[in-house]
Amino acid sequence: MLDIPLSALEVAMVQTGARAVDTLRDTAAFAQGLERLGYHRIWYAEHHHSPAIGAFPPVVLTTHAAASTSAIRLGSGGVLAPNHAPITLAEQFGTLAALHPDRIDLGIGRGPGTFDEAIARALRRGAGPATDAEYEGDVAAILSFLVDEVALGPLPEPWLLASSTAGAALAAGLGLPIAVAHHIRPDNTQAVLERYRAAFTPSRWCEQPRVLVCVETVCAESEEEAARRVGPMDVVKAGLLKGLSEIPFPTPADAAAHHFTAEERKALAGFRAQQAVGTPETVVHRLTQLAGETGADELMLTTPVYDLGDRIRSYELIKKYSEATTAP
């Protein structure tokens, strides 16, 4: 029985044949659709210099979606602390929280958001990758500025994104809720959670461990249709396995014609087995299983499929099936 809040991570895929402005237009429709379906929150990810993912700042997408919705929580999943001045992030999200009380989240992550070293350096004004100490200092400074400098009233809800035990230790030490990137590094999930729960220290932000697990999730009326919709992201993942970061997000037809090596098919199948892809029954069963295995307080679904209507339909099928199977 899947009886915990369900949320969404929007990575703003830019489809082959579409313009970035079309993806931007879709973000408002997506937020309105998920609010109508009763999803708890939507987060926006930070990416740069990718042909498959729009370089849209999470704070801008959050602002855009907040203006066209009224209840769903919105925020970053996440802003990447090394790319920004801590006080700037505190001011941006503090202002959003004042404009939209009890609706804004500040999810903080570490990675550069790009595979291009020159772009990563440009984001940091010529500096190299952040050290552990620099990142930890940035996160602490963001939290301090939120409380001591911004002080506009209602604060955004801070979360720390993590896919490693080092991130788990930082979240635990600061007493922050944790968002675990199971959709990126599923083999690390259990170790991350064990470290987080064992080391957690209560804080003003969180009195006890609080866990969100993000899962790649694609749902359709049939297993075959779900597999077809997963195809474009499989092409992108296969490119990443080869060290290729400049892979556009293809159409389902182009993905169906793509040749995968035996090694790629094995790797993709192994990854997919740890996510949630298939019919509503298959997906809800897998999500329920994952919630039980991780003890998650919330699941966040990321659905990188080609068509906006298919993406919203996936969330609709999951929500309706989970509600039907939990009804008294």
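Computed from a prediction, not measured in an experiment: that's the story for all the values here. Along the sequence shown, residues are numbered consecutively beginning with 1.
Distance check: L317 CG to I312 CD1 gives 12.0 Å after rounding to the nearest 0.5 Å. Atom NE2 of H182 and atom OG1 of T302 lie 12.5 Å apart (nearest 0.5 Å). Between L34 atom CG and Q32 atom CD the span is 11.0 Å, to the nearest 0.5 Å. Between the CG atom of L80 and the NE2 atom of H47 there is a distance of 8.0 Å, given to the nearest 0.5 Å.
The minimum heavy-atom distance between P177 and P158, with the atom names listed, is CG-O, 3.2 Å. In terms of heavy atoms, G295 sits closest to R197 at O-NH2, 3.2 Å. The shortest heavy-atom contact between P250 and D254 is CB-CB, 4.1 Å. Residue P154 comes nearest to P101 through the heavy atom pair CG-CB, 4.0 Å, listed as atom of the first residue, atom of the second, then distance. The minimum heavy-atom distance between A81 and D138, with the atom names listed, is O-OD2, 3.9 Å. Shown here for T279 and E221, the closest heavy-atom pair between the two residues is CG2-O, 3.8 Å.
Linking Ile, Leu, Val, Met, Phe, Trp and Tyr residues whenever their side-chain heavy atoms come within less than 4.5 Å leaves V215 and F271 in two separate clusters. Using a 4.5 Å cut-off between side-chain heavy atoms of Ile, Leu, Val, Met, Phe, Trp and Tyr, with links allowed through other members, L24 and V305 fall into different hydrophobic clusters. Both F93 and L174 sit in one connected hydrophobic cluster of ILVMFWY residues. Membership requires side-chain heavy atoms under 4.5 Å apart, directly or through other members. Both L9 and L161 belong to a common hydrophobic cluster when Ile, Leu, Val, Met, Phe, Trp and Tyr are linked at side-chain heavy-atom distances under 4.5 angstrom. Taken together through direct or relayed side-chain contacts under 4.5 Å among Ile, Leu, Val, Met, Phe, Trp and Tyr, I72 and I104 form parts of separate hydrophobic clusters.
L299 places a side-chain heavy atom less than 4.5 Å from the side chain of L2. D187 is listed as a side-chain neighbour of Q274, based on a closest heavy-atom distance under 4.5 Å. Using a 4.5 Å heavy-atom threshold, the side chains of E264 and K242 count as touching. Side-chain contact between T325 and T288: absent, with no pair of heavy atoms (C-beta onward) separated by less than 4.5 Å. Here the side chains of L106 and L146 are in contact, with some heavy-atom distance below 4.5 Å. Two residues are said to be in side-chain contact when any heavy atoms from C-beta on lie closer than 4.5 Å; S322 and L6 meet this criterion. Looking at P156 and L96, their side chains never come closer than 4.5 Å, going by heavy atoms from C-beta outward. Looking only at side-chain heavy atoms (C-beta outward), S164 and R185 come within less than 4.5 Å of each other.
Between I178 and the options L170, V192, L212, a side-chain contact (heavy atoms from CB on, under 4.5 Å) holds for only V192. Just one of L37, V283, V218 meets the side-chain contact (heavy atoms from CB on, under 4.5 Å) condition when paired with I318; it is V283. Of the candidates E35, R25, R311, R311 is the only one forming a side-chain contact (heavy atoms from CB on, under 4.5 Å) with F30.
A salt bridge between R110 and E134 is absent, with no side-chain N of the basic residue lying under 4.0 Å from a carboxylate O of the acidic one. Ion pairing between a basic and an acidic side chain is recognised when a charged N comes within 4.0 Å of a carboxylate O; K319 and E316 show no such pairing. Salt-bridge annotation for R73 and D105: present, with a side-chain N of the basic residue lying under 4.0 Å from a carboxylate O of the acidic one. Ion pairing between a basic and an acidic side chain is recognised when a charged N comes within 4.0 Å of a carboxylate O; E216 and K237 show such pairing. E225 has a carboxylate O that lies under 4.0 Å from a charged side-chain N of R229, or vice versa, which qualifies the two as a salt bridge.
At distances below 3.5 Å, not a single donor-acceptor pair connects side-chain atoms of D297 with backbone N or O atoms of I4. T63 places a side-chain N or O within donor-acceptor distance of the main-chain N or O of V59, the cut-off being under 3.5 Å. Between the side chain of Y196 and the backbone N or O of R210 there is at least one donor-acceptor pair closer than 3.5 Å. Between the side chain of Y39 and the backbone N or O of Y315, at least one donor-acceptor pair lies under 3.5 Å. The main-chain N or O of A118 is never found under 3.5 Å from a side-chain atom of H49 such that the two would form a donor-acceptor pair. Between the side chain of T294 and the main chain of L290, a donor-acceptor pair closer than 3.5 Å is present. Listed for the S7 side chain is no donor-acceptor partner under 3.5 Å among the backbone atoms of M300.
Between the side chains of R272 and Q275, no donor-acceptor pair is found at a separation under 3.5 Å. Side-chain contact, E46 with S76: no donor N or O sits under 3.5 Å from an acceptor N or O.
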Exercise. Apply side chain to side chain contact (heavy atoms under 4.5 Å, CB included) to the pair L155 and R204, showing each step before the final yes or no.
Key: CA-CA 12 Å; L155 294 176; R204 66 169 294 154; 3.9 Å; yes
Self-check item: W43/T62 under side chain to side chain contact (heavy atoms under 4.5 Å, CB included): CA gap, chis, key distance, verdict
Solution: CA-CA 8 Å; W43 283 354; T62 300; over 6 Å; no
Practice problem: Could you walk me through whether F56 and Y44 pass ring-ring contact (aromatic ring centres under 6.0 Å, His included), step by step? | Solution: CA-CA 9 Å; F56 310 130; Y44 301 97; 9.9 Å; no
Quiz prompt | Stepwise side chain to side chain donor-acceptor pair (under 3.5 Å) check, T27 with E10 | solution = CA-CA 8 Å; T27 58; E10 175 61 287; over 6 Å; no
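For Q190, the CD atom is densely surrounded, since the number of other residues' heavy atoms within 6.0 Å is greater than 12. Counting non-hydrogen atoms of other residues, nucleotides and ligands closer than 6.0 Å to NE2 of H285 gives a total of 12 or fewer. No more than 12 heavy atoms of other residues, nucleotides or ligands sit less than 6.0 Å from atom CD of E117.
Ring-plane geometry between F249 and Y306 is classed as parallel, the angle between the planes falling under 30 degrees on a 0 to 90 degree scale with a further cut at 60.
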